[in-house]
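Structure first, then comments.
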2 protein chains.
Amino acid sequence: MSTQVDIQELAQVAPKGCLPKELVSNTAFLLARVGVAIKLAAADELEKLGCGLYDYGVLATLGEGTQETQAAVADALGLDRSMLVGILDSLEENGLVERKRDPNDRRRHTVSITTKGKRRLVELREVTSEIEQTFLEPLDERTRKQLHEALLRIACAYDPRYVVGAGK
Amino acid sequence: MSTQVDIQELAQVAPKGCLPKELVSNTAFLLARVGVAIKLAAADELEKLGCGLYDYGVLATLGEGTQETQAAVADALGLDRSMLVGILDSLEENGLVERKRDPNDRRRHTVSITTKGKRRLVELREVTSEIEQTFLEPLDERTRKQLHEALLRIACAYDPRYVVGAGK
DNA sequence: TATTGTTATACTCTATAACTATA
DNA sequence: TATAGTTATAGAGTATAACAATA
């Protein structure tokens, strides 16, 4: 039957373990797939160093900011405040972070990065840079910049927390 | 108290809920964030139609390919074969897909998309296109093409299943 | 013995809600 | 009453392993 033939011809064009063209041609699909792959890769690499996925983000936030309150850190990263507790617990256990009660409002904790935490931040920065390099390897410098700018625009459009970072 | 003042001044430079520049300047970080956001948005939209996240992918695979075996579909999409069972169960219950034993190898199931499934595929295609449009809205046509090409290169570099789709 | 599809299990991640201590 | 941090609970999602039928 002719149907059979058509189907087999198609099978040659689209080899067995191959994603449907329809999906691959959808930029949002690619974005989701690549994004999730990067997240998983990052989680793996960070775990090798005994770190959770968000440790780097938290340390980076504390490294740039002033003494922050837990709520401020959570909001900055888009994490629920309850999630931050466990992350800070482990960071504090490892001496990377300090929690102090705010004397002006004893409900609050002032969180700050320690010297040891800053050293760890440098390490994590290197690891995450390597992950970035690995994934961007197939792109030339110019294309990387275009990609970064496009992503930043997309991110800013649905989440204003990205906006300020655009400066540098 | 001066402490109070300092904090408020800083809050203007780096507004409260603002991501650290270090993270925003990392393309891999942006990629992961945007990618996950898209995945979540897609899951939401598809759920409104009573669909799981992978229903579209499975239907699209069946829509393009020949009669496929379950293993082939799973491999094409990068899903575990055990995960596909539940997905196909619900698709079959809704009459979107048919499973038949392969008479030549009775271990195998030949999966095919039904007429109703094809109609549903058209709907899901529209929904996912809308999601794509929403996220890409801040980009002009040229930038969108650059973005797509860059993502495709990245994806191909770590997963050969994307390669063939590059054609169109 | 190896493979296909299936089922069962367990584990990670995260979202939600309840709780405390302060305000 | 409301808020910051904490704790506890529950749910989604998925990875793993065991299983039955067939090769």
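Below, chains carry the letters A, B, ... as their sequence lines are ordered, and counting in each starts from 1.
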Checklist entry - Using rotation axes that map the C1' atoms of four end pairs onto the next four (five pairs an end), what angle separates the end axes of the helix from dT1(C)-dA23(D) to dA23(C)-dT1(D), to 10°? => result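 Answer for the end axes of this duplex: 20°.
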
Checklist entry - Relative to each other, are the rings of Tyr158(B) and Phe135(A) parallel, tilted or perpendicular (30° and 60° limits)? => result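 Ring orientation, 0 to 90° scale: perpendicular.
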
Checklist entry - Tell me, do Phe29(A) and Thr128(B) make a side-chain contact under 4.5 Å, heavy atoms counted? => result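 A side-chain contact is absent here, since even the closest heavy-atom pair is not under 4.5 Å.
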
Item to check | Tyr54(B) side chain reached by Leu77(B) side chain, heavy atoms, under 4.5 Å | outcome: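 Heavy-atom side-chain distance check fails, nothing below 4.5 Å.
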
Item to check | Nucleic acid footprint by protein, nucleotides 9-23 of chain D - heavy-atom cut-off 4.0 Å, B for base, S for sugar-phosphate alone | outcome: -----S-BB---BBS

Next on the checklist: Distance alone, cut at 3.5 Å: any donor-acceptor contact between the side chains of Tyr56(B) and Glu22(A)?
Outcome noted: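 There is such a pair (donor and acceptor under 3.5 Å, judged by atom type) between the side chains of Tyr56(B) and Glu22(A).
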
Checklist entry - How many Å lie between CZ on Arg81(A) and P on dT3(D), as a whole number? => result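 Rounding to the nearest Å, CZ of Arg81(A) and P of dT3(D) are 10 Å apart.
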
Checklist entry - Which is the 5'-most and which the 3'-most nucleotide of DNA chain C that has an atom under 4.0 Å from a heavy atom of chain A? => result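 Contact span on the strand: dT14(C) to dA23(C).
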
Checklist entry - What is the distance from atom SG of Cys18(B) to atom CZ of Arg161(A), rounded to the nearest 0.5 Å? => result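 Here the rounded value is 9.0 Å.
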
Checklist entry - Looking at CD1 of Ile113(A) and OG1 of Thr61(A), how far apart are the two atoms once the value is rounded to the nearest 0.5 Å? => result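 Going from the CD1 atom of Ile113(A) to the OG1 atom of Thr61(A) covers 9.5 Å.
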
Checklist entry - Under the salt bridge (Lys or Arg N to Asp or Glu O under 4.0 Å) rule, what pairs show up with a residue in residues 77-96 of chain B, not counting sequence neighbours? => result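 Salt bridge (Lys or Arg N to Asp or Glu O under 4.0 Å) check on residues 77-96 of chain B returns Asp75(B)-Arg81(B), Asp89(B)-Arg99(B), Glu92(B)-Arg99(B).
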
Checklist entry - Looking at residues at least two apart in the chain, or sitting in another chain, which of them share a side chain to side chain contact (heavy atoms under 4.5 Å, CB included) with Glu141(A)? => result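 Arg144(A), Lys145(A).
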
Item to check | Listed partners of Thr143(B) passing side chain to side chain contact (heavy atoms under 4.5 Å, CB included), at least two apart | outcome: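 Side chain to side chain contact (heavy atoms under 4.5 Å, CB included) list for Thr143(B), sorted by chain: Ala150(A), Leu139(B), Asp140(B), Gln146(B).
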
Checklist entry - Does Glu123(A) come within less than 4.0 Å of Arg119(A), counting only side-chain N to carboxylate O? => result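 Looking at Glu123(A) and Arg119(A), the cut-off is not met.
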
